[in-house]
Structure formats: structure tokens, C-alpha cells
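Chain naming here is simple, since letters A, B, ... match the order of the sequence lines and numbering starts at 1 in each.
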Protein chains: 2
Amino acid sequence: MQQTFDEICSKLAEKEYKVTPQRKIILKAFLDNVDSHLSAEDVYGIVKIQHPEIGLATVYRTLELLADLSILQKMNFGDGRSRFEFSETEAHHHHHHLICVSCGKVTEFEDDLLESLETAIAKKSGFKIIDHQLKFYGFCGKCQ
Amino acid sequence: MQQTFDEICSKLAEKEYKVTPQRKIILKAFLDNVDSHLSAEDVYGIVKIQHPEIGLATVYRTLELLADLSILQKMNFGDGRSRFEFSETEAHHHHHHLICVSCGKVTEFEDDLLESLETAIAKKSGFKIIDHQLKFYGFCGKCQ
DNA sequence: CTTAGTGCAAAACCTTTGCAACTCT
DNA sequence: AGAGTTGCAAAGGTTTTGCACTAAG
């Protein structure tokens with residue numbers, strides 16, 4: 001994943017954003033937890049262990065920046081805070097979320113299978129669709 | 001829509017919830033705005049005009065109650081507050097949301113077309129799916 | 001150097017809660 | 001009458017902001 005890290009740093013530099021240690025640290029926290037859906041507080045908790053001087057506001061500002069750049073995607077799973085994951089729009093590597101209404105666990109489903117629906121909707125609605133987000137609610141294996 | 005109003009009132013009464021004037025007023029506000037996606041504050045603004053004595057907390061509590069009873073569905077469109085619309089789970093009358101990333105407008109797309117995908121995912125994942133929610137992000141006609 | 005970025009604390013929001021008063025059933 | 005409901009105000013939790021200081025380019 002080192003490759004991706006450098007790529008993202010370059011992306012920041014290209015757009016005249018400064019590549020600060022704090023931004024690197026926060027980005028690294030995400031790369032170390034690719035399959036989690038971290039909230040700002042989660043990230044803060046992770047980075048504080050090794051870098052206790054980082055402020056929560058910096059975490060919020062960095063996450064917002066990375067989301068603006070479409071590097072991260074802000075999500076909402078109904079627990080009252082925003083959660084972030086790597087945006088996979090460009091990579092066309094979409095996945096869906098399965099949210100257990102009993103225990104709250106969020107798992108991912110790795111197929112997309114929505115391309116034809118997307119073009120159909122785009123044609124009918126006049127929207128130029130650039131992304132989608134599909135959540136399923138139900139009971140996970142444990143909770144059934 | 002009068003019919004639906006009475007139906008919902010009966011549903012409340014059946015479950016031993018009291019059919020108070022406040023609950024009726026809030027429900028009516030929703031029936032008068034079926035195609036909006038009202039936030040608690042939106043509802044509060046609407047009902048306060050004719051019933052200034054209603055408290056915001058009552059609005060929140062009523063919306064939560066109606067969502068618990070699956071009469072309303074709590075949604076999130078990324079603007080920092082919850083929004084509600086009539087739940088159409090039981091009627092199998094699903095629709096998707098098209099969210100314009102430029103102007104924020106939310107429109108609805110009335111076909112579901114997701115049944116086969118849902119059963120496929122249920123089979124593969126072991127989840128017992130009871131509902132889904134699909135959002136498309138893009139540019140609306142005006143903003144393109 | 002210069003301007004963007006940081007840390008801290010305070011403020012701003014949205015939402016929930018405690019409690020006394022009230023009112024459906 | 002009695003349990004559930006309300007309104008108000010206060011508290012809670014998340015996110016944003018102001019500001020002096022710091023550091024990346």
C-alpha cells in the first residue's frame with residue numbers, strides 16, 4: 001500500500017496542499033485500516049497513541065479535505081456520526097454495505113452489479129450519475 | 001390521503017400509543033408534504049405556524065416513534081441532519097434517491113429493479129435482508 | 001518569507017433527556 | 001385515576017470555528 005500512500009501525497013502536492021506530518025499520519029491510519037469504516041473520533045483515537053499532540057480539529061479538517069479530493073468518501077450508517085472509507089469511484093471497485101439492524105455490524109459485499117441499472121436510471125431521469133451508494137438492512141448470520 | 005391518516009392513527013391506537021393532537025398535527029404535516037424529505041426542524045417550522053405551542057422535542061419524539069413503527073423512515077442525505085419520508089417497505093413501492101452534488105436537490109426515481117440483486121446478495125452473504133436504500137450522486141439537469 | 005496548517009478552547013449544531021405539568025384513554 | 005405525553009430548559013454528542021502560533025514550500 002506504500003504506493004497508494006505516495007500517490008495520495010502527490011495528489012495533495014499537485015493541488016498546492018501542504019503535505020504535513022499530521023496529514024501523513026492520518027492517511028496512514030486509514031491505510032492501516034482499509035476495511036474499517038472509521039469515524040473522526042476513531043481516527044483520533046488511533047493517531048493519538050503514537051502522536052498525542054495531534055488535535056481532533058486537525059483530524060476533522062484532514063478528513064474533510066480528503067473527502068473533498070474524493071480520496072475518502074464520507075458515509076453514514078445511522079449511528080450519529082460520519083464514517084469514512086477509501087473512495088473507490090475511480091477504481092470502479094464498488095461494493096455495497098450490509099448493515100445489521102440488530103447488532104449494528106457493517107459488512108461489505110464485493111460485487112457491484114449495478115451498472116445496467118445506473119445507465120437505465122441516468123437515461124430516464126436526466127441525471128448525470130457519477131457515483132452510487134447502496135445499503136442493505138437486515139439480520140447478520142449471528143443475529144438471525 | 002385522509003384514509004392513510006386514519007390508518008396510521010389506528011396503528012398507533014392498536015399499539016397502545018395515545019393519539020394526541022400533537023401527533024396528529026405532525027403526521028398531517030407529513031401527509032401534506034409527501035414528496036419532501038423533511039427534517040425535524042422542517043417539521044417544526046411547518047407545525048409551528050398553526051400550532052406555536054408545539055415543542056421541538058415533541059417533534060423529535062414523534063418522528064422517532066413513527067420511525068420505530070416503520071411508518072416513517074429515517075434517511076441521511078449528508079447535510080448533517082436526519083430527514084424522514086414515508087416508509088414504503090410494506091407496500092413494496094421502493095424508490096431510489098438521486099442527489100445532485102452541485103445544488104443538493106434530492107429527487108426520486110420510482111423503479112426498484114433490485115429484487116434479483118437482493119436475493120443474490122442474501123444468498124451469498126448469509127444476511128437476511130429486510131430493506132435497502134440506494135442513493136445516486138451526480139448532476140441534475142440544471143447543474144450539468 | 002509567506003501563507004497554509006495546527007492545536008486549543010469555545011461555539012455552533014443537532015438531538016436527547018429530566019422533570020413538573022398535563023391529558024388521552 | 002393513571003400511565004403516557006408534553007414543553008421547557010438543560011445536557012449530550014458531533015462537528016465547526018476563531019485565533020495565536022508554527023512550519024511547509
Side-chain angles (χ1 to χ4, degrees), chain A residues 6 8-29 37-69 71-84 104, chain B residues 6 8-29 37-69 71-72 74-84:
Chain A
D6 290 342
I8 294 170
C9 289
S10 307
K11 208 165 176 178
L12 283 175
E14 273 170 33
K15 309 226 167 162
E16 315 268 75
Y17 291 109
K18 292 180 178 169
V19 182
T20 65
Q22 289 89 338
R23 287 176 177 171
K24 287 188 192 172
I25 290 162
I26 291 167
L27 188 51
K28 215 166 274 171
H37 306 95
L38 302 177
S39 68
E41 201 76 44
D42 290 340
V43 174
Y44 185 53
I46 292 169
V47 301
K48 236 189 352 189
I49 296 167
Q50 305 218 39
H51 306 271
E53 73 285 0
I54 283 191
L56 179 56
T58 300
V59 174
Y60 273 101
R61 285 186 282 231
T62 302
L63 295 181
E64 195 192 349
L65 173 64
L66 294 174
D68 283 351
L69 296 177
I71 293 165
L72 294 181
Q73 186 168 14
K74 193 192 261 192
M75 320 229 60
N76 190 295
F77 296 119
D79 63 347
R81 73 209 65 187
S82 295
R83 298 186 167 279
F84 295 81
Chain B
D6 290 341
I8 294 170
C9 288
S10 307
K11 208 164 176 177
L12 283 174
E14 273 170 33
K15 309 225 167 162
E16 315 271 75
Y17 291 109
K18 292 181 178 168
V19 182
T20 65
Q22 290 90 337
R23 287 177 178 169
K24 285 188 190 171
I25 291 162
I26 291 167
L27 188 51
K28 215 166 273 171
H37 306 95
L38 302 177
S39 67
E41 202 76 43
D42 291 341
V43 175
Y44 185 53
I46 293 169
V47 301
K48 235 188 354 188
I49 297 168
Q50 306 218 40
H51 305 272
E53 72 283 0
I54 283 191
L56 179 57
T58 300
V59 174
Y60 272 102
R61 285 186 282 231
T62 301
L63 296 180
E64 195 192 348
L65 173 63
L66 294 174
D68 283 352
L69 296 177
I71 293 165
L72 294 180
K74 194 191 261 191
M75 318 229 61
N76 190 294
F77 297 118
D79 62 349
R81 74 211 62 192
S82 294
R83 298 186 166 276
F84 295 81

Q | dT15(C) phosphate, OP1 or OP2, under 4.0 Å from Ser82(B) side-chain N/O | A | yes
(Q) Without decimals, in angstroms, what is the distance between Glu64(B) CD and dT16(C) C1'? (A) 9 Å
Q. Would you say the side-chain atoms of Asp68(A) pair up with the backbone N or O of Leu65(A), donor to acceptor, closer than 3.5 Å?
A. no
Q. What is the distance from OH of Tyr17(B) to C1' of dG2(D), rounded to the nearest Å?
A. 18 Å
**Q.** Test item: Tyr17(A) and Leu69(A) side chains (from C-beta on) under 4.5 Å apart, heavy atoms
**A.** yes
Q: Would you kindly give the CD-to-P distance between Gln22(A) and dT6(C), to the nearest whole Å?
A: 5 Å
Q. For Phe77(A), does the CZ atom sit with more than 12 other heavy atoms under 6.0 Å from it, leaving out its own atoms?
A. yes
Q | Protein-nucleotide distance (Leu12(B), atom CG; dG4(D), atom C1'), rounded to Å | A | 13 Å
Q: Round to the nearest Å and state the distance from Glu53(B) atom CD to dT6(D) atom C1'.
A: 11 Å
(Q) Return whichever of Ala57(B) or Pro21(B) has its heavy-atom-nearest nucleotide of DNA chain C closer to the 5' end. (A) Ala57(B)
(Q) Can you say whether a donor on the side chain of Arg61(A) sits under 3.5 Å from an acceptor on the base of dG7(C), or the other way round? (A) yes
Q: For dT16(C), take OP1 and OP2 only and decide whether either is under 4.0 Å from a side-chain N or O of Tyr60(B).
A: no
**Q.** d(CG, Asp79(B); P, dT16(D)) in whole Å
**A.** 12 Å
Q. Is the shortest side-chain N/O distance from Thr58(B) to OP1 or OP2 of dG7(D) below 4.0 Å?
A. yes
Q: Sort out for me which residue in Thr58(A), Thr20(A), Ile46(A), Val47(A) forms a side chain to side chain contact (heavy atoms under 4.5 Å, CB included) with Ile25(A).
A: Val47(A)
(Q) Assuming nearest nucleotide by heavy-atom distance, tell me which of Ile54(A) and Ser39(B) is located more 5' along DNA chain C. (A) Ile54(A)
Q: Could you check how far CG of Leu63(B) sits from C1' of dC14(C), rounded to whole Å?
A: 13 Å
(Q) Let's test your reading of the model: under 3.5 Å, does the base of dA23(D) pair with the side chain of Lys18(A) as donor and acceptor? (A) no
**Q.** Nearest-Å distance for atom pair CG/P, residues Leu56(B) and dC13(C)
**A.** 14 Å
Q) Can any side-chain N or O of Arg23(B) pair as donor or acceptor with the backbone N or O of Lys18(B) at less than 3.5 Å? A) yes
Q: Kindly say if Thr20(A) contacts the phosphate of dT6(C), meaning a side-chain N or O under 4.0 Å from OP1 or OP2.
A: yes
